[in-house]
Structures are given as C-alpha cells and as structure tokens.
Colleague: 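Dropping a structure here in structure tokens format, bear with me for questions.
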There are 2 protein chains.
Amino acid sequence: MKRATIYSIAQACGVSASTVSRAFSRPHVVNVEVRERIHAKARELGYQPNKAARGLVTGRTGMIGLLVPDITNPFFPPLVRAIQQAAAARDAAVLLVDAEESAAAEPQLVKRLQGQVDGLVIASPRSSSPLRDAAQGLPAVVINRRIRGVPAVICDNTYALRGAGRHLEDLGHRRVALLRGPSASWSARQRADAIHSWARSSRTALVDLGPFPASFDGGLAAATALLRTKCTAAFAFDDLMACGVLAGLVQGGVSVPEDFSLVGCDDVLLASTVTPQLTTVAAPVERLGEAAVDLLHRHSNGGPVEEIRLDGELVLRASTGPAAGRRRSA
Amino acid sequence: MKRATIYSIAQACGVSASTVSRAFSRPHVVNVEVRERIHAKARELGYQPNKAARGLVTGRTGMIGLLVPDITNPFFPPLVRAIQQAAAARDAAVLLVDAEESAAAEPQLVKRLQGQVDGLVIASPRSSSPLRDAAQGLPAVVINRRIRGVPAVICDNTYALRGAGRHLEDLGHRRVALLRGPSASWSARQRADAIHSWARSSRTALVDLGPFPASFDGGLAAATALLRTKCTAAFAFDDLMACGVLAGLVQGGVSVPEDFSLVGCDDVLLASTVTPQLTTVAAPVERLGEAAVDLLHRHSNGGPVEEIRLDGELVLRASTGPAAGRRRSA
DNA sequence: TTGAAAGCGCTAACAC
DNA sequence: GTGTTAGCGCTTTCAA
C-alpha cells in the first residue's frame, strides 16, 4: 500500500484533486461539509502532504538552513533548540549544518543548501564576504556578527559587562584582566570593547591579555598568563574559557573566589556545573533564536535589513568575591 | 534572473535536457566533451540541481531525520555532528528535531517527518512503541536502545564499566555506590546491569541508589543520598550527573579524589572541564554516528535488521584515587 | 464552490 | 550517446 496522495483522497471522496488540495491549503474556500469529509479521509489514510511536490510548484521548501561553526561548543545547542522551536512554530523544519570549526568550509556548505532551504540562519561568528557571496539570493540572517546588507540579531553584552565591571569594582578589585577571545570573532571584539569602555570610566586598571583560543585549553593558557600579573580578577571571553582559567588557577594554587574573581560570559551549562559556579553574563538564547527566525521570515517577505539587539544579563554566582589580595602567587 | 535549470543549461549548450540531467546523475554515460561543456556552463550559471524535483521523481529526498530527546544534553552535540558528517559523506542532509525532553511529543514529531526524509535516526532513549507506529514505513535506526524490528547501534559499556570496577577495587574501594539513571532509560538499565554483574564477581559491596534524574540536580540529590552511606566511591549514571555529585560532595566537605572516588560515563565535554577531571567511560560517538548512518543506509536498501555494538572505553583521570577512608562525613 | 489542465524541475524508460 | 516522452504530487490559473 502506497502513501496517500491528493488523488487517492479525491477518488475516495468523489471530488477532484484540486478540491482536496484546497481543503488543506485554503480550507475556508471549500464547502464545510466536503472539507470535513476530506479531512476525515485524510486522517484515516494517514495522509501527509508531500512537501517536495509542494515546494516544486510554490518554490518554497518549508525548510530553513542553520549554519553553526561548532555544535560541540556549549553555546550553540540551546540556540539550535530555540531556532528549531521557532521554526516549528512557523511550520518549518531545520536543516542543520555544522562547519566543524572550519570557517573556510562555510561558503561551500552554504552553497550546498541553495535551493534546499527557503532561508538561512548563520550562527557563525567567523568567516566573511565569501559567505555573503555563497548565500547569493538566499535570504539570510546572521547571529552575533554583522555583514553588510544582511539582517542581524545580536546579543549586546555591553551593558551587562559594565555591570559586571562595577560588581568587581564594588568588591574592591583594582586591577583586572581582560582575557580576549579569538581576534576574528565579532563577539570577542564587542566584549573587549565593552570592557575597555567600562574600565576607562572606573577606578580600575585593565590588563589586556590574549587573544586566547575560545576553549578550555585557551583558558588554561590564559591562566598561566594571568598568574604572571598582579590582577585580582578577570573577564574570560566566555564560560568555556573561564572553566579553563579556573582549572589553571586551581593548578597554580589560587582559589576562586577567595584569592581571585572570575567572570565568564554566555551562561552555558558549564557555568553552573563547575565549582564554584560562574558569575557570568547570560545570553538570551531563546529570544535570540526566536528573533532570528522571525527576522528571517520578515526579510524573506521583503522586509528591510534590520538589526535586532538583545541585552545579555548579569548573573551573579560564586566565582566572584571580595578582593582579598592574592595569598599566593606563581 | 532566475535560477538555472537543466533546461537553461541544455539550451545554452545546444543539447537536450536529459543529457544535462545525465551529465550530473550518471556522468560516465555522456560524451566526455559534451559533459565538460555542460559542467562548465553549469558552474558559470551557478546551477544547483533542485532536490525537490529530483525527490519528486525518485522518491528520495536526500535527507535523513535526526531525532534527539534534548540537544542541550552534552552527550548529543558530538553525536549530532558525527551523524551530520556521515550523512554529508553520503551526500545527504540532516533534518534535526529536538524533542525537548518530551518523550510524549516524539511520535508526533516523527510523523511530521514522514515524506520529508528518506530515513530516521532515533537517538532518543525513552518512549516506545508509539514511536514504531509513527515511523510506519519509514526506515529507521535507533541509537542506544532496542526496538523490535528496528536496526540499532548501541554503545556497550559493559566491558569498560567492569574495567572501571576493577580499577576501583584495585584502589582499595570495598563499598561503592551505583547512582542509577532514569528507570525509563535503556542505557541506565544497561549500565546498572553491567555494574551489578561486575560487583557480583568482585570483593566489593554494591549499594544501589536511585533512580536519579540524569541531570546536574539529579547528581546533587544523589550526593545527598551518598553522604548517608559508607561508600568510598560511586558510579554516576553519566558525566552530567557526576558533576552534580561532585558539587554536592564538595558542599558536604568531601573532596574528590582524596576522600571519595567518582566515575562518570560518556566522556562529554564536562568530564574534562571540571576539577578534578572525571574518570569516565568514553562513548565512541564518531563511530556511533557513522554506524547509525551506515546502518540506516543499508537497511533502507533492504538490508537485514542488524544490531551493531560498539564498546565504550575506560578513561582514567583525576576523580578516582586510593580509598583512604572518608575523613569527614555529613 | 468546484473541476480541468498546465506546469514546477527533474529522472527514467524507450527509441533512435 | 542522445533526444523524446511521460509523469512524480502538488498548486494554481481559468472556466464553469
């Protein structure tokens, strides 16, 4: 027994295929009674419209492509979920593409999506104009970066990082380090700028270190660098790096938050599963995902190239404390 | 300017559309010279075959559905990546569906995939026969569970857990706890069985605790229970739970590995980013993903209902140490 | 409100 | 090796 089609249903109901089609795509234009009969039959036969066929004629596939640089990075899974959820709410499915940390591969990957998807959500912070070329003609939005002519939704941590800075200042820290993320990363620059901006208006000296890889090992390296300074606190680029810093500090005999305060960024799962739990800036991932899909939708329908900014939120936890001065040093 | 089709290329090259079609689908059957001309033109025009159209006639969409229960759980991202990668190698794309921890929603979600995908990889450990019904007629494979009539690839931790047990025994532990995962989870049962089987053949007493939720908080709860026992070591259901146990132990003034040894399972990112790094059983995720896609492929082409078992591997790290007896207790 | 017919872009016989 | 033809399942004019 083959899958039901509008024809099998039409035949079973004694109507034409177009009526069946309409019963699904524009229900209100078909006679109530007929419509119900059709729907009933469809349910009985387990009918599912063939999206490929529909896509062929409408030119829309009902799918959106999602490009992530590295799904293994704990920042992305919740975002992927949010996007998938938002897409589902619009009756769209998500085609996931993981670039496996290779920015160079991205344009190629994007190209392969051409024609398979109605639009593209680019959650990758790196790579640049090649991407725009590859997306030629494909509506796209980017997350946490800017590409000229492409709508963007960005998480603005400026305000929250300033708050984090004040928090450190209030705790008595007078010399704090900025552990930079990869220089190619838009977020890394944005965060560094925000922190510098805060430092200028504070009584605190800022020691700019890095860039370090945005990874646990990057954090380990950062910790080593950190131990050579007189800082009593640090901003890590993100939570993953912060975990590395934490481990490195512990190795170096420095305990957090007694001897040293650390603030992360993003509030990924890691941030609340390490000890001490990380003071961090939470990214509003659900809203980011929702906004991205919404923006994509609007842009696909001729909407303007907007930029949506969503604020990160400072979350105070256990990795920051009073500046007691470092008891020991490396 | 519209997208190129086999027709526009055919016209530009002075050949028929079928020749163009063949130049892509079965290149060797068309004259080398003509073929090259076609390919050149295609490249020039940025031609991308329309998969929907192809799917309509061949009945294959070139997509595989991937159902995960909770992409937010650190076990899944690497698996998703592996599956995506394996699919890409077979020129297939991955449609990701996150069940958001609702096993009840899964059959519904699967149903929506009907006709959109050529096959289904079910990475969800829960829910049951409704799933099989929903997948009606859709080739599927499951990961880490068994459903009658459905090919499976499972990670067998029996051997590695036995090794972990011996490791604890060698370290002098004589009373160890098993912190069970959710009773609905196939993996949880498998692991519990493996550990019981090891314990029976050892000089070690096993204290069976739980079930606990497979989460950080579940681990916290497990730690509380643990502190009431005289155990000097424990198997956590997975690394995430182990992290919770670790945090709970620290809170209770018990330090790991000095006072207590802990072994996790899966070797997710968390396992190597906490301090101390977790001794755990690593799941061969890349091979799991590869095997799942391969199995799906073979099964779709009429292959038998096989089961592929892949062994987990014991990874010794810093969370296990000599049984010194607990110094303090709650 | 409904039906007939054309066509979306592609593949797969089948002839040449 | 290549062209012709039919048709995959659906939507969408256009008439009735």
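Lettering of chains follows the sequences in order, A, B, ..., and the numbering in each one begins at 1.
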Colleague: Atom CG of B/Asn50 to atom C1' of C/dG7: distance rounded to whole Å?
Modeller: 14 Å

Colleague: Check this for me: does the side-chain of A/Arg22 come within 3.5 Å of the base of C/dG3 through a donor and an acceptor?
Modeller: yes

Colleague: Output all residues satisfying salt bridge (charged side-chain N to carboxylate O under 4.0 Å, His left out) with B/Glu307, sequence neighbours left out; order by chain, then residue number.
Modeller: B/Arg146, B/Arg309

Colleague: Show which side-chain atoms of residues 64-76 of chain B pair as donor or acceptor with protein atoms under 3.5 Å away, not counting sequence neighbours.
Modeller:
residue	atom	partner	partner atom	Å
B/Asp70	OD1	A/Arg81	NH2	2.6
B/Asp70	OD1	B/Thr72	N	3.0
B/Asn73	OD1	B/Phe75	N	2.9

Colleague: Write down the distance between CD (A/Glu36) and P (C/dT1), rounded to a whole number of angstrom.
Modeller: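 One finds 14 Å between P of C/dT1 and CD of A/Glu36, rounded.
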
Colleague: Calculate the interatomic distance between A/Ile6 atom CD1 and D/dT12 atom P; express it in whole Å.
Modeller: 12 Å

Colleague: Mapping B/Ala17 and A/Phe24 to their closest nucleotides on DNA chain D, which lands nearer the 5' end?
Modeller: B/Ala17

Colleague: What is the separation between atom CD1 on A/Ile38 and atom P on D/dC10, rounded to the nearest whole Å?
Modeller: 13 Å

Colleague: Looking at B/Thr5, does any N or O in its side chain come under 4.0 Å of the phosphate oxygens OP1/OP2 on C/dG9?
Modeller: no

Colleague: On DNA chain D, compare the nucleotides closest to B/Val32 and B/Val57; which residue's is nearer the 5' end?
Modeller: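 The answer here is B/Val32.
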
Colleague: Assign each of A/Tyr7 and A/Val34 to its nearest nucleotide of DNA chain C by heavy atoms, then name whichever residue's nucleotide is nearer the 5' end.
Modeller: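 Here A/Val34 is the residue nearer the 5' end.
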
Colleague: Please give, in whole Å, the distance from C/dT1 C1' to A/Arg37 CZ?
Modeller: 13 Å

Colleague: Have a look at B/Ser21 and say if it touches a base, only the backbone sugar-phosphate, or nothing, with a 4.0 Å heavy-atom cut-off.
Modeller: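 Base contact - B/Ser21 has a heavy atom under 4.0 Å of at least one base atom.
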
Colleague: Is the phosphate of C/dG3, meaning OP1 or OP2, less than 4.0 Å from a side-chain N or O of A/Thr19?
Modeller: yes

Colleague: For a quick check of understanding: with a heavy-atom distance under 4.0 Å over all strands, which category does B/Tyr47 fall into, base, sugar-phosphate or nothing?
Modeller: sugar-phosphate

Colleague: So which atom in A/Val117 and which in A/Leu138 form the shortest heavy-atom distance, rounded to 0.1 Å?
Modeller: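 Smallest heavy-atom distance, with atoms named: O-CD1, 3.5 Å.
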
Colleague: Nearest to the B/Asn31 side chain among D/dG9, D/dG1, C/dA12, which nucleotide is it?
Modeller: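 Nearest nucleotide to the side chain: D/dG1.
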
Colleague: Could you state the NZ-C1' distance from A/Lys51 to D/dC10, rounded to the nearest angstrom?
Modeller: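 Distance, rounded to whole Å: 13 Å.
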
Colleague: Using 4.0 Å as the upper bound for N to carboxylate O, is an ion pair formed by A/Glu290 and A/Arg90?
Modeller: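 The answer is yes: the pair qualifies as a salt bridge.
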
Colleague: Measure from CZ on A/Arg26 to C1' on C/dT1 and round the result to the nearest Å.
Modeller: 12 Å

Colleague: Are A/Ser18 and A/Ser21 close enough that a side-chain donor and a side-chain acceptor fall under 3.5 Å?
Modeller: no

Colleague: Rounded to whole Å, please give me the gap between CG in A/Leu56 and C1' in D/dT12.
Modeller: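 Between C1' of D/dT12 and CG of A/Leu56: 13 Å.
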
Colleague: Counting any heavy atom closer than 4.0 Å, what does A/Ser18 reach on the DNA or RNA strands: base, sugar-phosphate only, or nothing?
Modeller: base

